[in-house]
Enquirer: 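I am attaching a structure below and will ask some questions about it afterwards.
Whatever order the structure lists them in is the order used to number ligands and atoms, beginning at 1.
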Amino acid sequence: MARWGKFITFEGIDGSGKSTLAGGIYRRLLESLPKERIILTHEPGGTPFANSLRETLSKNVDREPMAELFTLLASRYDHTKRLIIPALQNGKVVLCDRYSDSTFAYQVFGKGLEYHTVARLNKIATLGIKPKLTLLIDIPVEIALDRLAEKGKLDHYESLDVHFFERVRYGYLALAKRAKRRIKVLDGTQSKEKILDEAWGYVFEVVFPQGSV
Ligand SMILES: Nc1ncnc2c1ncn2[C@@H]1O[C@H](COP(=O)(O)OP(=O)(O)OP(=O)(O)O)[C@@H](O)[C@H]1O
Ligand SMILES: [Mg+2]
């Protein structure tokens, strides 16, 4: 059986540049690895069922935070069990745009759910797996929201107020402080190229550890 693969996640508030960075890392990895060895996926979503839940979540419909949590975790369970774990079992590099840290930042710090409840349920939804590396893009809320406003229509999260995103931003930084080895904080106000170069250094260490090439 292949060695367990490398699970790398991308985190940050809406508009921080996660998808831009994940795409950049994917393209750099393609220079050294065959396409079949790299998976680029995102949450919520990543499987047909999880994608249908993503559509539901992005509708601008008011909801109970706990109902939202169950929907997110239903999406995570399907995605983890059907796509992420099989890929890791096959030794692949899995790049995931948002994962568990989003749930702690948004549902705990942003929406006020209790940390231990979310942690317990999330452990079930992830089947116990954890990212090897998490790239957290930190950026002032106004800059990120300006970028989104340029894109046009705002979804449920993006329509929430500035204070909500401030809580999420500082929630992310609190998580990073508690997991310094796993979560690397990148300054999202830098150019796309600069962020990609810095992130690539961390990815390289994880995907091609000393002596493996
Ligand atoms: N470092 C950067 N400097 C300036 N603009 C950037 C930078 N990174 C990304 N952008 C731009 O900001 C916008 C949002 O970026 P992106 O879609 O990657 O963010 P995201 O974190 O994935 O957002 P969402 O949470 O909404 O999916 C895009 O128009 C992108 O081109
Ligand atoms: Mg994105």
Enquirer: For the salt bridge (charged side-chain N to carboxylate O under 4.0 Å, His left out) test, which of Lys177, Lys18, Arg169, Lys184 pairs with Asp138?
Expert: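 That would be Arg169.
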Enquirer: Give the contacting part of Ala144 toward ligand 1: side chain, backbone, both or neither, where contact means a heavy-atom distance below 4.0 Å.
Expert: neither
Enquirer: Are side-chain heavy atoms of Asp101 and Tyr172 found at a separation under 4.5 Å?
Expert: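 Heavy-atom side-chain distance check passes, below 4.5 Å.
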Enquirer: Suppose I only count heavy atoms of Asp14 and a 4.0 Å limit; which atoms of ligand 1 are within that range?
Expert: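 Result: 25 (O).
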Enquirer: Hey, which atoms in ligand 1 end up nearer than 4.0 Å to a heavy atom of Thr20?
Expert: 9 (C), 15 (O), 16 (P), 18 (O), 30 (C)
Enquirer: Taking 2.8 Å as the limit, list every protein N, O or S atom around the Mg ion (ligand 2), by chain and residue number.
Expert: Ser19 OG
Enquirer: Please check if Tyr202 and Val206 belong to a single hydrophobic cluster, counting links between Ile, Leu, Val, Met, Phe, Trp and Tyr side chain heavy atoms closer than 4.5 Å.
Expert: yes
Enquirer: Give the atoms of ligand 1, by number and element, whose distance to some non-hydrogen atom of Ile195 is under 4.0 Å.
Expert: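 Those atoms are 1 (N).
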Enquirer: Under the 4.5 Å side-chain heavy-atom rule for ILVMFWY, direct or indirect, which residues accompany Leu53?
Expert: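 Joined to Leu53, directly or through intermediates: Phe49.
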Enquirer: Please could you name the atoms of ligand 1 that Leu148 approaches to less than 4.0 Å, counting only its heavy atoms?
Expert: 26 (O)
Enquirer: Below 3.5 Å, N or O to N or O, backbone or side chain included: is there any such pair between Gly17 and ligand 1?
Expert: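 For ligand 1, there is an N or O atom that lies under 3.5 Å from one belonging to Gly17.
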Enquirer: Could you go step by step and tell me if Leu127 and Tyr77 meet the side chain to side chain contact (heavy atoms under 4.5 Å, CB included) rule?
Expert: CA-CA 7 Å; Leu127 290 99; Tyr77 188 89; 3.8 Å; yes
Enquirer: Checking Tyr115 now: which residues fulfil ring pair (Phe, Tyr, Trp, His ring centres under 6.0 Å) with it, not counting sequence neighbours?
Expert: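 Ring pair (Phe, Tyr, Trp, His ring centres under 6.0 Å) check on Tyr115 returns Phe104.
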Enquirer: Strictly under 4.0 Å, does any heavy atom of Gly15 approach an atom of ligand 1?
Expert: yes
Enquirer: List every atom of ligand 1 that sits less than 4.0 Å from any heavy atom of Ser191, numbering the atoms from 1 in the order shown and giving each element.
Expert: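 Contacts of ligand 1 toward Ser191, numbered from 1: 1 (N).
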Enquirer: Given Val108, which partner from the list Leu175, Asn122, Val118 fulfils the side-chain contact (heavy atoms from CB on, under 4.5 Å) test?
Expert: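 Between Val108 and the candidates, side-chain contact (heavy atoms from CB on, under 4.5 Å) is satisfied uniquely by Val118.
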Enquirer: Report yes if the side chains of His79 and Pro44 come closer than 4.5 Å at any heavy-atom pair, otherwise no.
Expert: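 Answer no - side chains too far apart.
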Enquirer: At the 4.0 Å heavy-atom cut-off, does Arg98 count as touching ligand 1?
Expert: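 Distance cut 4.0 Å: Arg98 passes for ligand 1.
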Enquirer: How would you list all residue pairs meeting salt bridge (charged side-chain N to carboxylate O under 4.0 Å, His left out) that involve residues 73-97, not counting sequence neighbours?
Expert: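 Every salt bridge (charged side-chain N to carboxylate O under 4.0 Å, His left out) pair that includes a residue of residues 73-97, provided the two are not neighbours, is Glu43-Arg76, Asp78-Arg82.
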Enquirer: Is Leu21 touching ligand 1 with its side chain, its backbone, both, or neither, if touching means heavy atoms under 4.0 Å apart?
Expert: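 Neither part.
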Enquirer: Does the distance from a Lys or Arg side-chain N to an Asp or Glu carboxylate O, for Asp14 and Arg98, drop under 4.0 Å?
Expert: yes
Enquirer: Would you say Thr9 and Thr134 are linked by a side-chain donor-acceptor pair, where the criterion is simply a distance under 3.5 Å?
Expert: yes
Enquirer: Do Asn90 and Glu36 have side chains that get closer than 4.5 Å, going by heavy atoms?
Expert: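 SC-SC contact between Asn90 and Glu36 ruled out.
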Enquirer: Look at atom 5 (N) of ligand 1 and find which of His42, Lys18, Arg147, Gln190 reaches it with the closest heavy atom.
Expert: Arg147
Enquirer: Which is it for Thr189 and ligand 1 at heavy atoms under 4.0 Å: side chain, backbone, both or neither?
Expert: neither
